[in-house]
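Below is one structure; the comments refer to it alone.
Throughout, protein chains are lettered first and strands after them, A, B, ... in sequence-line order, and every chain is numbered starting at 1.
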There are 4 protein chains.
Amino acid sequence: MWFRVNPRLPTPIYQQVVDGFKEAIVKGFVKQGDRIPSVRELATLMTLNHNTVAKAYQQLEREHVFEIIQGRGTFVAEFKPPSDSDRDRRLAKIVEMMQQIYIEGHYVQLSEDDLMSLFRETIRKWETGGKDV
Amino acid sequence: MWFRVNPRLPTPIYQQVVDGFKEAIVKGFVKQGDRIPSVRELATLMTLNHNTVAKAYQQLEREHVFEIIQGRGTFVAEFKPPSDSDRDRRLAKIVEMMQQIYIEGHYVQLSEDDLMSLFRETIRKWETGGKDV
Amino acid sequence: MWFRVNPRLPTPIYQQVVDGFKEAIVKGFVKQGDRIPSVRELATLMTLNHNTVAKAYQQLEREHVFEIIQGRGTFVAEFKPPSDSDRDRRLAKIVEMMQQIYIEGHYVQLSEDDLMSLFRETIRKWETGGKDV
Amino acid sequence: MWFRVNPRLPTPIYQQVVDGFKEAIVKGFVKQGDRIPSVRELATLMTLNHNTVAKAYQQLEREHVFEIIQGRGTFVAEFKPPSDSDRDRRLAKIVEMMQQIYIEGHYVQLSEDDLMSLFRETIRKWETGGKDV
DNA sequence: GTGGTCTAGACCACC
DNA sequence: GTGGTCTAGACCACC
């Protein structure tokens with residue numbers, strides 16, 4: 001698989017699957033139109049319950065990341081620019097995380113510029129690099 | 001109070017209290033050595049369950065943000081450079097959030113540079129601005 | 001063909017075929033007594049699984065829209081006033097959809113009158129217009 | 001309860017619960033800010049599994065019909081005008097149902113005007129009347 | 001084969 | 001008390 005899941009984290013497993021696929025797509029491991037393992041296949045591969053995987057796939061479909069075709073399988077959707085409300089919701093989420101970063105940064109004595117460099121570096125490493133930074 | 005709490009948000013209330021205090025400290029509303037209202041005081045002031053407040057205070061103490069001195073009260077801890085393990089934990093958290101930002105950014109078509117600008121702007125606004133950006 | 005089918009929609013394909021034929025008949029593209037392609041012909045023409053097409057034809061026959069004459073082929077049935085039970089079933093379906101419309105309308109703030117106008121307009125456009133409104 | 005559920009219908013149970021609540025709200029049986037029975041309560045009352053009820057509540061929250069407050073309960077959300085994309089999606093659904101009605105109407109020999117009258121009548125009866133028309 | 005639903009029952013976080 | 005998640009296993013519709 002393109003990612004791993006850790007049941008001991010507080011993040012729900014199905015959410016980790018959702019995040020894992022988004023990451024795999026951004027990194028280019030999976031591409032538009034690609035067929036995704038079936039719900040049951042992935043469940044077996046990752047030793048998860050099929051309901052958990054199905055929940056993740058359904059959420060990814062709601063987010064327009066996957067396209068589920070009944071009786072045929074699940075595919076990576078073609079990219080569509082998000083609706084305004086979708087965009088707003090995502091931007092708000094991003095801004096909130098940026099504030100959190102700034103606050104956490106304060107406690108490890110990272111200045112704004114330090115954080116900017118770390119950000120650049122993180123993206124670099126991560127785009128080229130492996131699954132886990 | 002220096003912050004507000006919204007029970008309708010999915011973020012747990014105790015977490016909002018934790019974040020609220022950290023934010024107040026970074027913004028300078030509360031300073032090192034300042035006395036913080038007791039659990040029961042704050043619970044009354046903000047009409048929260050005192051268990052919820054207690055949980056927040058415990059977490060803030062665990063993170064060395066608060067210092068609880070038995071019989072005297074709760075204070076904002078003096079700043080100490082974090083232990084290595086603390087620092088590592090916080091850095092890991094920051095890096096993870098940065099990755100999330102990059103992924104979310106992908107879906108609203110924000111490039112690395114767009115994100116950098118947004119980051120700078122967010123911090124600017126937030127530092128000068130009020131509690132809610 | 002007189003209609004198209006989209007496997008990406010949540011509506012089952014066989015149902016889309018059923019709806020497509022009904023629509024074609026109401027619009028007059030196909031008339032009473034017209035011969036309809038055989039299951040296998042249509043399956044080839046539209047690149048569908050023949051089981052899917054067969055299921056649609058069976059349902060259309062059950063609803064007295066098609067008439068399958070053994071050894072001769074499938075035809076658009078001549079119009080017969082429906083039996084009482086048929087009529088009741090269809091009316092119940094119609095009433096239920098009308099309620100659904102009213103409820104959905106509520107959430108987009110459409111009044112009864114708005115819905116009536118929309119209904120009139122929809123029929124107008126649809127009767128004159130093409131396959132997809 | 002304000003509605004009943006029929007496990008033998010093809011419509012999934014959780015969807016029937018969703019529709020049932022929307023109907024109850026439009027009819028005014030339940031009002032903005034009202035507390036809804038807890039997931040487990042409703043499950044017991046209607047002899048359903050709590051997972052099924054939870055799924056319905058979650059969908060209603062996604063549609064901004066319910067508001068779920070962690071640890072406190074579930075409430076009828078205040079009405080907010082939908083986003084443009086939400087509105088478009090709902091309108092498309094309405095238009096599609098109207099076309100279906102027109103087609104079905106054809107088979108019971110109901111003219112456009114007949115359908116209009118039936119629509120008016122349906123809403124009248126249903127708004128004043130009981131749970132099942 | 002594909003995904004979707006449902007029940008039963010356990011466990012958890014939050015207030 | 002509240003809702004959320006997860007597994008196990010059954011059953012179903014669709015292609």
Side-chain angles (χ1 to χ4, degrees), chain A residues 5 7-17 35-43 46-61 66-75, chain B residues 5 7 9-17 43 47-56 59, chain C residues 5 7 9-17 43 47-56 59, chain D residues 5 7-17 35-43 46-61 66-75:
Chain A
V5 140
R8 296 168 8 156
L9 291 179
T11 314
I13 297 176
Y14 80 90
Q15 187 63 52
Q16 293 184 45
V17 174
R35 194 173 194 281
I36 296 297
S38 80
V39 168
R40 258 83 173 178
E41 258 180 294
L42 193 78
M46 304 188 66
T47 53
L48 297 174
N49 188 277
H50 59 90
N51 285 311
T52 305
V53 177
K55 186 166 185 175
Y57 280 24
Q58 282 165 23
Q59 177 162 335
L60 284 161
E61 192 189 30
F66 278 5
E67 190 160 16
I68 299 176
I69 305 185
Q70 287 293 355
R72 301 215 187 158
T74 303
F75 305 81
Chain B
V5 142
L9 294 179
T11 315
I13 294 177
Y14 84 92
Q15 187 63 52
Q16 292 186 45
V17 174
T47 54
L48 296 175
N49 189 308
H50 66 266
N51 292 311
T52 307
V53 179
K55 183 164 185 179
Q59 178 164 335
Chain C
V5 142
L9 295 178
T11 314
I13 295 177
Y14 83 91
Q15 187 64 52
Q16 293 186 45
V17 174
T47 54
L48 296 175
N49 189 306
H50 65 267
N51 293 310
T52 307
V53 178
K55 183 164 185 179
Q59 179 165 334
Chain D
V5 141
R8 299 172 1 159
L9 291 178
T11 313
I13 296 176
Y14 80 90
Q15 186 63 51
Q16 293 184 45
V17 174
R35 194 172 194 280
I36 295 299
S38 81
V39 168
R40 259 82 172 177
E41 257 179 294
L42 194 78
M46 303 189 68
T47 52
L48 297 174
N49 189 277
H50 59 90
N51 284 310
T52 306
V53 177
K55 187 167 186 175
Y57 281 23
Q58 281 167 22
Q59 177 162 334
L60 283 162
E61 193 190 29
F66 278 5
E67 191 159 15
I68 298 175
I69 305 185
Q70 288 292 358
R72 300 216 186 156
T74 303
F75 304 83

Specify the residue among A/Thr47 and D/Glu61 whose closest nucleotide of DNA chain F lies further upstream toward the 5′ end.
D/Glu61

In whole angstrom, what separates D/Arg35's CZ from F/dG3's C1'?
11 Å

Report which part of the nucleic acid D/Glu41 touches: base, sugar-phosphate, or nothing (heavy-atom distance under 4.0 Å, all strands).
sugar-phosphate

Qualifying residues under side chain to side chain contact (heavy atoms under 4.5 Å, CB included), relative to A/Leu42, sequence neighbours excluded:
A/Met1, A/Val17, A/Phe21, A/Pro37, A/Met46, A/Val53, A/Tyr57

With both pairing distances under 3.5 angstrom for Watson-Crick or G-U wobble, and | for a partner in another strand, the correct string for DNA chain F is ||||||||||||||.

Got a sec, which residues hit ring-ring contact (aromatic ring centres under 6.0 Å, His included) with A/Phe75, two or more places apart in sequence or on another chain?
none

Side chain to side chain contact (heavy atoms under 4.5 Å, CB included) partners of C/Lys55, counting only residues at least two apart
C/Tyr14

Take the protein atom CG of A/Leu48 and the nucleotide atom P of F/dG9, then report the distance between them rounded to whole Å.
15 Å

Drop me the distance from A/Ile69's CD1 to A/Glu61's CD, to the nearest 0.5 angstrom.
9.5 Å

Respond yes when some side-chain nitrogen or oxygen of A/Thr74 is under 4.0 Å from OP1 or OP2 of E/dT2, and no when none is.
no

For B/Asn49, the side chain to side chain contact (heavy atoms under 4.5 Å, CB included) test, sequence neighbours excluded, returns B/Asn51, B/Thr52

First locate atom OG1 of A/Thr74, then atom CZ of A/Arg35, and finally report the distance between them rounded to the nearest 0.5 Å.
7.5 Å

NE2 of D/His50 versus P of F/dC6: gap in Å, rounded?
14 Å

Any idea which heavy atoms bring A/Ile13 and A/Pro7 closest together, and the distance?
CD1-CB, 4.0 Å

In whole Å, what is the span from the CZ atom of D/Arg8 to the C1' atom of E/dT5?
18 Å

Does a side-chain N or O from A/Gln58 land closer than 4.0 Å to OP1 or OP2 of E/dG3, or not?
no

Heavy-atom closest pair (D/Val39 atom, D/His50 atom, distance to 0.1 Å) is CG1-O, 3.4 Å

Under the 3.5 angstrom rule, does the side chain of D/Gln16 hit a backbone N or O of D/Thr11 as a donor-acceptor pair?
yes

Would you tabulate the pairs of protein nitrogen or oxygen atoms and nucleotide nitrogen or oxygen atoms of nucleotides 12-15 of chain F closer than 3.5 angstrom?
{"residue": "F/dC14", "atom": "OP1", "partner": "C/Tyr14", "partner atom": "OH", "Å": "3.1"}
{"residue": "F/dC14", "atom": "OP2", "partner": "C/Lys55", "partner atom": "NZ", "Å": "2.5"}
{"residue": "F/dC15", "atom": "OP1", "partner": "C/Ile13", "partner atom": "N", "Å": "2.6"}
{"residue": "F/dC15", "atom": "O3'", "partner": "A/Arg72", "partner atom": "NE", "Å": "3.4"}

What is the distance from CD1 of A/Ile69 to C1' of E/dG1, rounded to the nearest Å?
15 Å

Just the rounded figure in Å: distance from P of E/dC6 to CG of D/Leu42.
14 Å

